[in-house]
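Below is one structure, written out as structure tokens; comments come after it.
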Amino acid sequence: MKKTALIMAGGKGERFWPRSRKNMPKQFLCLTGDGKTMIQQTVERILPVVSMEDIYIATNKDYKELVRQQLPELPEENILCEPVGRNTAPCIGLGAIHIQKKYEDAIMYVLPSDHLIKYKGMYVNILEDAAKVAEDGENLVTIGITPTAPEVGYGYIKFAPDKSLGRAFEVERFVEKPDLATAKKYVESEEYLWNSGMFAWKVSTILHSMEEHLPAIYAGLMRIKESFGTEDEKDVLNGVFENFPSESIDYGVMEKEEGIFVIPGTFGWDDVGSWLAVERLRPVNDSGNIVDGNAMTVDVKNCIISGQEKLIAAVGLRDLIIVDTEDATLICAKESAADIKKIVENLKICNRDKYL
């Protein structure tokens, strides 16, 4: 069966402020030092499985030009611009009907654009296995990550070790982000995986599930599909999409459906959720620092320093994140990295939009 992919690239990456901005969010940044942006790496990883003409990018309409610049080989009609953000269910549905327009049915991978994966060969093998399970009946497949620590920042998937289909296990339930004590129990049980937000299914399967569990969204998608190729296509998309509820595919479909399978993945996955992820992606120097740009340090340890042309001079610092851009400078204790998003929220409240 033909394999296709929908890459979701509409996020804002607010925890990477001030480098990640409204007009240049995280997925369009190079964070690994190899000259490739995160969305470019995402596409490159799946090319052994999906050809370029069958890769679709779902993004904010304001990012269309960024996608074209960074992925010039992608067919322009494969850039699907959401008029407004409505979470993952409408986004995935939009991708599904565009793929259905091209093929009667196909395997559809759904992948975030802002994750990094270290072991690409192992990742490709998992994608191939997921496609086999998805094709074998009306199965919805997700890829879980084998936990390496009791992480409280991820959702978890409980699977049934004694119910398998190939390398996939039947999902018993999805659970929200736990507290630390609960996360420790999950890891110790060896029956829970991190929820990565990566999926594989047949287009027909996911649309049938949306028809059953999200009938209003499904009806809207069919209206959009009927408008394809007409002069009203853009107006219908805008009008229908704006009226969609904000609904995640996890809550709207996966937590309600039967026949859900998960494949455990151990391929060096990182969701790059905050500036702290840079320490996992880049080598540190002898003082435990990661330093980019024009910087000079004296007695500085365990810091992340990212600058540009302006000199950053740092003396006697410990465990800080310092990011300097043309119009904003961030100074943050590492332990407070998750609160960087609050700066963005306050900027919105204060109408200081030029810094967003």
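Positions are given from 1, in the same order as the sequence printed here.
Looking at D232 and T230, their side chains never bring a donor and an acceptor atom within 3.5 Å of each other. When only modelled atom types and interatomic distance are considered, T42 and Q27 share no side-chain donor-acceptor pair under 3.5 Å.
Contact annotation: the side chain of L140 approaches that of M254 to within less than 4.5 Å [non-hydrogen atoms, C-beta and beyond]. Between K234 and N238, the closest side-chain pair of non-hydrogen atoms falls below 4.5 Å. Residues K334 and N302 form a side-chain contact, since some pair of their non-hydrogen atoms from C-beta on lies under 4.5 Å apart. Counting heavy atoms from C-beta on, the side chains of I145 and F267 come closer than 4.5 Å. Looking only at side-chain heavy atoms (C-beta outward), M38 and T32 stay at 4.5 Å or farther from each other.
Counting only residues at least two apart or in different chains, side chain to side chain donor-acceptor pair (under 3.5 Å) contacts with residues 284-293 comprise R282-D292.
The ring pair (Phe, Tyr, Trp, His ring centres under 6.0 Å) test applied to F159 returns F169, not counting sequence neighbours. K342 meets the salt bridge (charged side-chain N to carboxylate O under 4.0 Å, His left out) test with D339; sequence neighbours excluded. With sequence neighbours excluded, the residues that form a ring pair (Phe, Tyr, Trp, His ring centres under 6.0 Å) with F199 are W201.
If you run side-chain contact (heavy atoms from CB on, under 4.5 Å) between Q41 and each of I117, D34, D114, only D34 comes through.
Taking Ile, Leu, Val, Met, Phe, Trp and Tyr as hydrophobic and joining them when side-chain heavy atoms fall under 4.5 Å apart, one finds L180 in a cluster with V152. In this structure, Y251 stands alone, with no Ile, Leu, Val, Met, Phe, Trp or Tyr side-chain heavy atom under 4.5 Å from its own, directly or through other members.
In this structure, the separation between CD on E211 and CE on M222 is 8.0 Å, given to the nearest 0.5 Å.
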Hey, mind stepping through R173 and Y192 against side-chain hydrogen bond (donor to acceptor under 3.5 Å, both in side chains) and telling me if it holds?
CA-CA 10 Å; R173 63 190 178 104; Y192 287 82; 2.8 Å; yes
Derivation and outcome, salt bridge (charged side-chain N to carboxylate O under 4.0 Å, His left out), residues K348 and E14
CA-CA 12 Å; K348 293 175 183 176; E14 292 178 343; 2.9 Å; yes
Checking E226 against R223 for the salt bridge (charged side-chain N to carboxylate O under 4.0 Å, His left out) test, could you report, in this order, the C-alpha distance in whole Å, the side-chain angles of both residues, the deciding distance, and whether it holds?
CA-CA 5 Å; E226 290 169 3; R223 285 183 57 199; over 6 Å; no
Applying salt bridge (charged side-chain N to carboxylate O under 4.0 Å, His left out) to K256 and E212, what does each step give before you reach the verdict?
CA-CA 10 Å; K256 301 173 182 176; E212 180 177 356; over 6 Å; no
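The side-chain tip of K101 points at the ring of F228 from less than 6.0 angstrom away and within 45° of straight on.
A salt bridge links D54 to K2: at least one charged side-chain nitrogen sits closer than 4.0 Å to a carboxylate oxygen. With respect to D179 and K184, no salt bridge is recorded, no charged nitrogen being found less than 4.0 Å from a carboxylate O.
Q69 CD: more than 12 foreign heavy atoms inside a 6.0 Å radius.
Nearest heavy atoms, S113 versus I7: CB-CG2, 3.6 Å.
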